[in-house]
Each structure stands twice: as C-alpha cells, then as structure tokens.
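In listed order, ligands and their atoms are each counted from 1.
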Amino acid sequence: MVSQFDLFDTSQNDIFSTSSYEKFRELLAASNCQKCALKNSRTHIVVDRGNPKAHILVIGEGPGENEDLQGRAFVGRAGQLMDRLVKEEMGLDTNQHFLIVNVVKCRPPENRTPRKEEAEACLPFLKKQIELVQPKIILLLGATALKHLAPSKKEFSMEKEVGKLFNLEAYPNIPFMVLFHPAYLLYDNRKEPIFRQHLQELKKWLLSQKLVLA
Ligand code: URA
C-alpha cells in the first residue's frame, strides 16, 4: 500500500512542536509554506519583528511591499510611524519592548486585505506565536486583526472598540486592546491624537500591572 505520509506535513510538524520561539521563527521563515495562494506572490515569509521575550505582542494585518522584500514586519512607512509614536508617548523601543507579527505571514497582492481562507490557513502560526510568547497584553492593529482574533464580535465598529481592554474566551489570561492601524493614521492624520492617547492609556495599564518598561 502507498504510504499516506506527506513530507510537507513533517516540516509543519516541526514548526508546531517546537518549544523555542527562535526555532519556530527559523523553521517558519525557511518553510516555503504552501498552505494558501499567497505563496505565489511572496518574496519572503514575514514571521515578525522585535523581541519574543517582550510583554507586548502586536498583531497587524499582513506584510506590505517593504516587509515582503526585507522579511521583517512593519518596516515600511506605517511601521516607522508606529515606532516613532510609541517612542514619543511611551518611551519604548518597539524592537526591544514589542514583538510585532501579522495575521497573515505573506504579502497579499497589491496589499489587499487578506481573504478569509488565507487568514484561516495562517492562524495556526499566530496561535503558536501567542502560545510561545505568552504575552502580558495583545494589541490588535485595525479591523482585520480584530475580525480574525475575535470572530465572536460579528458586528463591530472600530470607533467603538479602539482603546478598550477586553478578554477573549480563547485566551482567558491575556487582555486585548484594539488600536487604529498605523496605515490608517497615514491616510487620516486626524486620528493620530487618539492613537497617542491610547498609547498613554496602555502605558498607564502597564505601570498599574507593575510591568517593567525600561
Ligand atoms: N501593515 C501590516 O499590517 N503589517 C505589516 O507588517 C506592515 C504593514
């Protein structure tokens, strides 16, 4: 009888069975993942940027052009804006104090929103990242991250959700906060003061939890 064993699955098994974030990153980046159609247009699988030991996990939507070329998350204009605002409002360095990841790890063509099947195919990687990092708080950047992490919130308005702490059944010990996506701030800079205010609230929360920021 022909064996049903699939070589592709063994490489995925290694990614999902490791207990080391560094190993996970290395294996996923080198995996040539074939799980969805985004494989056809990507240059790199973009696993993350930042520090896997950080307390704060940030989840964006998907890599853009610069991220795809460099293989690192949020290195384009939106990421640079986020880095600057986090420095100015919280005094933090995103590379040291945050781990920044995305819902999908490969760039959608023309930077379109990831499709449901693409996000679903990629979510096990994000779940593994959350499991390995055990963050103290998760920040969801924009509506796409909120939609895929909190599918129970069927109808929501970003304006109502942003800046509030909430919990999800799937992660009972981790508080979540939704922030405007920094690309949205580039599009409408009237939202920047609100984003700054949310960062200040986040800083207050971190201090109230006695989480070391320096
Ligand atoms: N936008 C995202 O959502 N993620 C990135 O990595 C870059 C831009």
| field | Over 12 non-hydrogen atoms of neighbours within 6.0 angstrom of NZ in Lys53 | value | no
| message | Within the supplied structure, the quantity of interest is the number of heavy atoms (other residues, nucleotides, ligands) at a distance under 6.0 Å from Glu22 CD; does it exceed 12? | response |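 Yes - once you tally the heavy atoms of other residues, nucleotides and ligands closer than 6.0 Å, there are more than 12.
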| task | Provide, to 0.1 Å, the distance between atom 4 (N) of ligand 1 and the closest protein heavy atom, together with that atom's residue and name. | result |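 Looking at atom 4 (N) of ligand 1, the protein heavy atom closest to it is Asn102 OD1, 2.8 Å.
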| said: Return the closest protein heavy atom for atom 8 (C) of ligand 1 as residue, atom name and distance. | reply: Phe74 CE2, 3.8 Å
| query | Considering Arg49, His181, Arg72, Glu65, which one's heavy-atom position lies nearest to atom 1 (N) of ligand 1? | reply | His181
| said: Please verify the inter-ring angle class for Phe74 with His181; under 30° counts as parallel, over 60° as perpendicular, anything in between as tilted. | reply: tilted
| said: Suppose I only count heavy atoms of Glu61 and a 4.0 Å limit; which atoms of ligand 1 are within that range? | reply: 2 (C), 3 (O)
| request: Identify, by atom number and element, the atoms of ligand 1 in contact range of Gly60, meaning under 4.0 Å from any of its heavy atoms. | output: 3 (O)
| query | Judged by non-hydrogen atoms, does Gly62 sit under 4.0 Å from ligand 1? | reply |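 Judged by the 4.0 Å heavy-atom criterion, Gly62 does count as contacting ligand 1.
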| task | Check Asn102 against Gly62 and note the closest heavy-atom contact, atom names and distance. | result |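 So the two residues come closest at OD1-N, 3.4 Å.
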| said: Distance check, rounded to the nearest 0.5 Å: Arg196 atom CZ versus Leu85 atom CG? | reply: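 Spacing of CZ (Arg196) from CG (Leu85) equals 5.0 Å.
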| field | Stacked cation flag Lys153 on Phe166, 6.0 angstrom / 45 deg | value | yes
| request: Heavy-atom distances under 4.0 Å are what count here, so tell me which part of Glu67 touches ligand 1: side chain, backbone, both or neither. | output: side chain
